[in-house]
Amino acid sequence: MTSVVFALVDCNNFYASCEKLFRPDLTHTPVVVLSNNDGCVVARSKEAKKLGVKMGVPVFQVRELLQKHGIVAFSSNYALYADMSQRVMSTLEALAPRVEVYSIDEAFLDLTGVGYSQNLTEFGLMVRRTVQQYTGISVCVGIAPSKTLAKLANHAAKTWHRTGGVVDLSSTVRQRKLLALLPVNEVWGIGAKLTKRLQQLGIDTALQLADTAPEFIRQHFSVVVERTVRELNGESCIALEEMAATKKQIVSSRAFGERITDKQQMREAISEYISRACKKLRQEQQQAKLLSVFLRTSPFSDKDAPYSASKSIELDTPSNDTRVFLAKAMQLLDAMWVNGYRYAKAGVMLADFYDPGVYQPGLFDEPIVQRETDQKLMQLMDTLNSKQGKTLWFASQGTKQEWSMKRELLSPAYTTDWQQLPLVK
DNA sequence: TCTGGGGTCCTAGGACCC
DNA sequence: TCTGGGGTCCTAGGACCC
């Protein structure tokens with residue numbers, strides 16, 4: 001059996017890099033990107049990292065720091081990031097035979113066999129140069145015989161500049177050298193909770209974890225952690241998956257820009273989320289049978305009384321018709337709504353998916369009637385809204401949407417909207 | 001005052017059956 | 001006193017990821 005080789009390509013400070021791309025005036029300026037509602041810092045340029053802005057901190061806690069150093073903040077601009085991501089990914093697809101898009105800013109490449117004809121580090125450098133040239137985005141490349149090791153190689157490439165942004169961990173000696181340097185929580189799949197439990201067993205570094213017997217780990221933790229141990233030893237247990245798996249659930253939820261206390265506003269918000277979720281469901285060419293709706297007050301406030309509720313309902317037959325889910329969602333809301341709370345967030349979830357036409361009704365169920373006109377109506381809505389911007393929506397979604405999220409620092413949709421193309425003067 | 005959103009997988013435990 | 005045992009299915013919750 002030939003041994004496999006993976007590369008992990010990860011964009012550097014992706015959201016911040018996207019924002020800088022169209023603002024050459026900010027090339028050397030510290031930049032941060034904020035989460036929805038401008039709530040937390042979710043990305044930082046290297047200058048901002050140097051100034052000590054931590055990942056995930058609430059903005060109000062670092063407002064002074066931002067001001068003091070002239071750090072420029074942006075609201076999340078997903079239209080821009082998704083488009084730039086596609087450009088990076090299609091560049092990678094032209095360079096490697098098999099690519100797994102792992103997240104908006106990361107991809108695994110299958111480099112099995114590449115090492116016979118060329119130096120793997122050279123190959124990594126070529127990937128870096130090409131992506132930089134084609135998209136303006138800088139990436140780091142980690143190469144190793146398992147995904148978990150490739151992740152760590154990438155981490156090393158990002159951390160140590162002398163590597164030139166590419167680390168090849170093919171040799172066992174180099175693997176062990178790196179593992180000895182890294183704390184166990186840097187390992188892919190080892191989060192805060194597992195780190196604590198591992199430390200109690202005296203396992204502090206990635207190397208110590210790698211050197212623990214898989215059977216012991218299986219006994220005290222789970223198969224997942226056992227797999228991680230094997231992967232750290234260069235045994236590939238997690239395969240490359242080119243095809244995006246079909247989704248098992250679709251969630252649409254948002255924290256509100258301002259707290260909701262009025263039921264009519266909540267109806268609008270839920271309607272909006274239903275409409276988004278159903279649109280996604282149709283894009284997946286799936287139908288769903290299960291709907292859940294939830295709402296809650298802020299978990300951070302100790303002043304407001306806490307309230308959180310969630311309810312589900314199962315349809316008789318799967319559907320992807322927005323109107324069907326809207327009606328059910330309003331019933332669920334009626335059953336959960338309590339006056340007097342300051343609601344901070346709500347959302348909907350679709351689950352239990354079927355391919356259209358596959359669902360087997362029970363013997364005594366009503367026969368399924370899928371009217372063609374219903375399908376056409378939904379299709380028309382989707383087409384119109386994607387071509388012309390949001391032109392067609394349900395009255396229950398409301399027109400003003402006063403509860404909608406805050407995005408006060410949003411950059412233009414430079415690459416996806418004709419009206420907002422950058423101009424060269 | 002102000003704290004994101006969207007996913008997956010695994011496991012333990014309860015319900016139920018024979 | 002001492003009240004079986006094993007299998008399957010489902011769900012809730014926990015853990016992780018970016």
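Quick note on labels: first sequence line is chain A, next is B, and so on, each numbered from 1. Nothing here was measured: the structure is a model prediction, and the numbers come from that model.
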Side-chain N or O of [X] less than 4.0 angstrom from OP1 or OP2 on [N]?
X        : N      : result
A/Ser253 : B/dG6  : yes
A/Arg254 : B/dG6  : yes
A/Lys303 : B/dT1  : no
A/Lys151 : C/dC18 : yes
A/Arg259 : B/dC2  : yes

Nearest-nucleotide wise, let me know which of A/Tyr78 and A/Thr246 is further upstream toward the 5' end of DNA chain B. A/Tyr78
DNA chain B nearest-nucleotide lookup for A/Lys248 and A/Phe60: closer to the 5′ end is A/Phe60
Describe the nucleic acid contact of [X] in one word from base, sugar-phosphate, nothing, applying a heavy-atom distance below 4.0 Å.
X        : answer
A/Ile104 : nothing
A/Leu34  : nothing
A/Val42  : nothing
A/Ala192 : sugar-phosphate
A/Val187 : sugar-phosphate
A/Lys406 : nothing
A/Asp38  : nothing
A/Ser76  : nothing
A/Arg407 : nothing
A/Val57  : nothing
A/Glu106 : sugar-phosphate

Among [options], which nucleotide has an atom closest to any side-chain atom of [X]?
X        : options                : answer
A/Leu194 : C/dA15, B/dG7, B/dC10  : C/dA15
A/Arg63  : B/dG6, B/dC2, B/dG4    : B/dC2
A/Val224 : B/dC10, C/dC17, C/dA15 : B/dC10
A/Tyr102 : B/dG6, C/dC17, B/dC10  : C/dC17
A/Lys247 : C/dC18, B/dT8, C/dA15  : B/dT8
A/Trp188 : B/dT11, C/dC18, B/dG7  : C/dC18

Report the distance from atom [atom1] of [X] to atom [atom2] of [N], rounded to the nearest whole Å.
X        : N      : atom1 : atom2 : value
A/Lys54  : B/dT3  : NZ    : C1'   : 18 Å
A/Glu258 : B/dT3  : CD    : C1'   : 16 Å
A/Asn37  : B/dG5  : CG    : C1'   : 11 Å
A/Glu241 : B/dG7  : CD    : C1'   : 14 Å
A/His155 : C/dC17 : NE2   : C1'   : 16 Å
A/Lys158 : C/dC18 : NZ    : C1'   : 12 Å
A/Glu64  : B/dC2  : CD    : P     : 19 Å
A/Met349 : C/dT11 : CE    : C1'   : 12 Å

Verdict with supporting geometry, A/Phe108 and A/Trp188, ring pair (Phe, Tyr, Trp, His ring centres under 6.0 Å): CA-CA 14 Å; A/Phe108 286 102; A/Trp188 190 38; 5.8 Å; yes
SB check [X] [Y] (cutoff 4.0 Å):
X        : Y        : value
A/Glu106 : A/Lys151 : yes
A/Glu226 : A/Arg230 : yes
A/Asp382 : A/Arg282 : yes
A/Asp211 : A/Arg176 : yes
A/Asp38  : A/Arg407 : no

Determine whether the aromatic ring centres of residues A/Tyr15 and A/Tyr78 are separated by less than 6.0 angstrom.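 Aromatic pair counts; centres sit under 6.0 Å.
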Watson-Crick or G-U counterpart of C/dG5, or none if no pair lies under 3.5 Å: B/dC18
Spell out, as yes or no, whether a donor-acceptor pair under 3.5 Å connects the side chain of A/Asn233 to the backbone of A/Ala210.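 Yes, the answer is positive, given that a donor and an acceptor are paired below the 3.5 Å cut-off.
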Give me the distance, rounded to whole Å, that separates B/dC2 from C/dC18 when you measure between the C1' atoms they each carry.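 Those two atoms are separated by 25 Å.
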